[in-house]
Amino acid sequence: MNMTFKRMLPVLQEVRDMYPVSDELARKKEENDKAIRAVFGGQDDRLILVIGPCSADREDAVIDYISRLSRVQEQVKDKIIIIPRIYTNKPRTTGEGYKGMLHQPDPHASPDMLKGLLAIRKLHLRALRETGFSCADEMLYPENHQYLADLLSYVAVGARSVENQLHRLTASGLDLPVGMKNPTSGDLAVMMNSITAAQHPHTFVYSGWEVESKGNALTHAILRGYVDKNAHSTPNYHYEDLQTLCDLYAQTNLQNPGVIVDTNHSNSGKKWDEQPRIAKEIMHSMRHSSDINKLVKGMMIESYIEDGAQKPDEGVYGKSITDPCLGWKKTERLILELASLK
């Protein structure tokens with residue numbers, strides 16, 4: 001075996017004991033969960049915004065950013081529910097370079113998974129305690145979800161993970177909304193099959209246990225665009241794409257049809273400053289079709305304090321070190337505009 005076993009990591013309960021969730025914070029999370037579930041269940045027509053940095057790189061800047069979101073949330077609470085993105089295990093597409101806070105709590109230091117595991121729980125807990133937000137994270141490693149399960153209100157399964165059986169089965173056992181992205185190839189059948197699998201009960205092996213899941217009725221689609229055979233980004237957020245998804249859902253017996261539309265990635269061709277235009281086009285499509293209006297539950301937006309991206313050694317506070325993001329001033333303006341269009 002061409003690997004070295006470095007050390008045993010703490011078991012789940014040890015980590016939770018280090019950073020426990022108080023009864024007050026647990027009640028706040030349940031309040032958030034109830035509101036978010038109501039949107040995906042069709043009882044609330046507010047717009048979900050899953051919004052935040054491409055990758056959570058440093059605690060101070062992330063908390064600063066989320067604190068700004070909390071002030072805007074109060075202004076738009078009748079129209080929009082904000083779920084901050086705190087993506088803590090975000091690899092580069094090739095697997096090279098920075099892999100996220102779980103691997104490197106200090107982007108300038110060597111990987112340290114023990115420090116990373118503690119850092120990501122501490123960050124999500126601090127977000128809940130200081131802002132009242134229970135946030136979103138990407139389920140890159142299904143078994144690691146346990147370390148954050150009592151803190152998250154939303155989970156995304158990425159375009160490169162959506163075909164993986166363990167991701168699908170784990171999603172079937174979660175009691176919060178899980179978004180399944182279309183794969184990088186753009187094959188919507190893969191995404192729909194993943195949603196179907198996650199909405200059904202299963203028996204499988206998880207963390208060394210034989211477990212049974214009940215099925216997750218709040219599993220739904222995320223459209224993020226795709227890359228064609230010539231490596232060109234192709235969007236799938238247009239009116240016709242949303243209508244196609246409506247038709248695909250109509251051919252199934254899936255519960256709670258819904259989609260979150262990603263305004264970045266291949267939908268923008270990673271042109272981060274196109275996100276406001278894309279978001280407003282989605283709102284336009286919703287106004288022109290009752291079916292699309294019912295299907296679209298919200299959007300996913302990559303946003304941080306400063307516009308664009310930087311190299312990790314540049315050290316600009318609040319500027320992404322992975323994919324470029326929309327800066328705060330443009331983000332605040334966009335949220336308020338979306339609220340006025342809802």
Side-chain angles (χ1 to χ4, degrees), residues 10 12-40 44 46-77 80-90 100-102 105 115-141 144-156 171 174-179 216 218 260 298 300-305 318 328 331-332 335:
L12 170 64
Q13 197 55 51
E14 290 177 317
V15 175
R16 289 192 176 187
D17 288 345
M18 291 181 199
Y19 296 101
V21 177
S22 67
D23 291 343
E24 180 183 358
L25 293 182
R27 285 192 294 271
K28 178 57 182 172
K29 179 186 178 300
E30 182 52 38
E31 178 185 320
N32 295 344
D33 289 347
K34 184 178 180 180
I36 293 165
R37 289 189 187 111
V39 173
F40 285 99
D44 188 328
R46 282 182 289 178
L47 190 74
I48 295 284
L49 288 186
V50 183
I51 185 168
C54 171
S55 182
D57 58 338
R58 48 187 287 179
E59 181 179 314
D60 55 353
V62 170
I63 295 297
D64 179 355
Y65 171 84
I66 293 175
S67 298
R68 300 180 192 202
L69 281 181
S70 68
R71 294 190 287 271
V72 180
Q73 172 68 97
E74 185 59 28
Q75 298 178 59
V76 300
K77 62 184 179 182
I80 289 174
I81 296 176
I82 292 174
I83 310 175
R85 279 174 54 119
I86 299 184
Y87 277 25
T88 56
N89 34 135
K90 184 76 173 172
M101 186 178 286
L102 174 65
K115 289 182 179 179
L117 198 61
L118 301 179
I120 66 173
R121 183 166 176 86
K122 179 185 175 186
L123 175 55
H124 275 284
L125 181 62
R126 185 177 171 190
L128 179 59
R129 183 175 62 246
E130 296 185 16
T131 70
F133 282 128
S134 40
C135 300
D137 207 334
E138 183 173 350
M139 190 168 64
L140 185 66
Y141 309 109
N144 289 353
H145 174 79
Q146 301 171 91
Y147 292 97
L148 298 175
D150 56 340
L151 291 166
L152 300 180
S153 284
Y154 186 88
V155 167
L174 303 188
D175 61 352
L176 72 168
V178 177
N216 184 349
L218 298 181
I260 293 290
M300 185 172 285
I301 298 168
E302 289 197 316
S303 157
Y304 209 1
I305 295 172
W328 175 251
T331 297
E332 183 178 34
I335 295 172

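- Distance check, rounded to the nearest 0.5 Å: OG1 of Thr88 to NZ of Lys122 gives 14.5 Å.
- Distance CG/Asp64 to CD1/Ile305: 4.0 Å, rounded to 0.5 Å.
- Taking the charged nitrogens against the carboxylate oxygens, Arg37 and Glu30 do have a contact shorter than 4.0 Å, which makes a salt bridge.
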(request) Decide yes or no on side chain to side chain contact (heavy atoms under 4.5 Å, CB included) for Ile86 and Ile120, but give the supporting numbers first. (result) CA-CA 9 Å; Ile86 299 184; Ile120 66 173; over 6 Å; no
(request) Check step by step if side chain to side chain contact (heavy atoms under 4.5 Å, CB included) holds for Tyr154 and Ile48. (result) CA-CA 11 Å; Tyr154 186 88; Ile48 295 284; 5.8 Å; no
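- Between Asp23 and Arg27 there is no salt bridge, since no side-chain N of the basic residue sits under 4.0 Å from a carboxylate O of the acidic one.
- Within the 4.5 Å cutoff, the side chain of Leu102 has heavy atoms near those of the Leu117 side chain.
- Between the CG atom in Leu125 and the CG atom in Leu25 there is a gap of 6.5 Å [rounded to 0.5 Å].
- In this structure, the side chain of Arg85 engages the main chain of Pro53 through a donor-acceptor pair within 3.5 Å.
- Salt-bridge formation is not detected for the pair Glu31/Lys34: no Lys NZ or Arg NE/NH1/NH2 atom is positioned less than 4.0 Å from an Asp or Glu carboxylate oxygen.
- No side-chain donor-acceptor contact under 3.5 Å links Gln146 to the backbone of Gln13.
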(request) Show your working on side chain to side chain contact (heavy atoms under 4.5 Å, CB included) between Ile81 and Ile36 and close with a plain yes or no. (result) CA-CA 7 Å; Ile81 296 176; Ile36 293 165; 4.0 Å; yes
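- Taking 4.5 Å as the limit, some side-chain heavy atom of Phe40 sits within range of a side-chain heavy atom of Ile260.
- Under the 3.5 Å distance criterion, the side-chain polar atoms of Asp44 are left unmatched by any main-chain donor or acceptor of Ala35.
- If you take CG on Asn89 and NE2 on His145, they are separated by 11.5 Å, rounding to the nearest 0.5 Å.
- The side-chain heavy atoms of Ser303 and Tyr65, taken from C-beta on, include a pair separated by under 4.5 Å.
- Within the 4.5 Å cutoff, the side chain of Leu151 has heavy atoms near those of the Val21 side chain.
- Residues Tyr147 and Leu12 have side chains in contact (heavy-atom distance under 4.5 Å, counting atoms from C-beta outward).
- Using a distance-only test at 3.5 Å, with no hydrogens or angles considered, a donor-acceptor pair links the side chain of Asn216 to the main chain of Leu176.
- Between Tyr304 and Thr331 there is no side-chain heavy-atom pair separated by less than 4.5 Å.
- Between the CG atom of Asn32 and the CD1 atom of Ile83 there is a distance of 9.0 Å, given to the nearest 0.5 Å.
- Residues Ser70 and Thr131 bring no donor and acceptor atom of their side chains to less than 3.5 Å of each other.
- The shortest side-chain heavy-atom distance between Ile335 and Ile82 falls under the 4.5 Å cut-off.
- Considering CD1 of Ile63 and CG of Leu123, their distance stands at 5.0 Å, rounded to 0.5 Å.
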(request) Any chance you could lay out the side chain to side chain contact (heavy atoms under 4.5 Å, CB included) test for Val72 and Arg68, step after step, and finish with the verdict? (result) CA-CA 7 Å; Val72 180; Arg68 300 180 192 202; 5.9 Å; no
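- Few gaps surround CD on Glu14; more than 12 heavy atoms of other groups in view lie less than 6.0 Å from it.
- Contact check on Arg121 versus Asp150 returns a salt bridge, with a Lys/Arg side-chain nitrogen under 4.0 Å from an Asp/Glu carboxylate oxygen.
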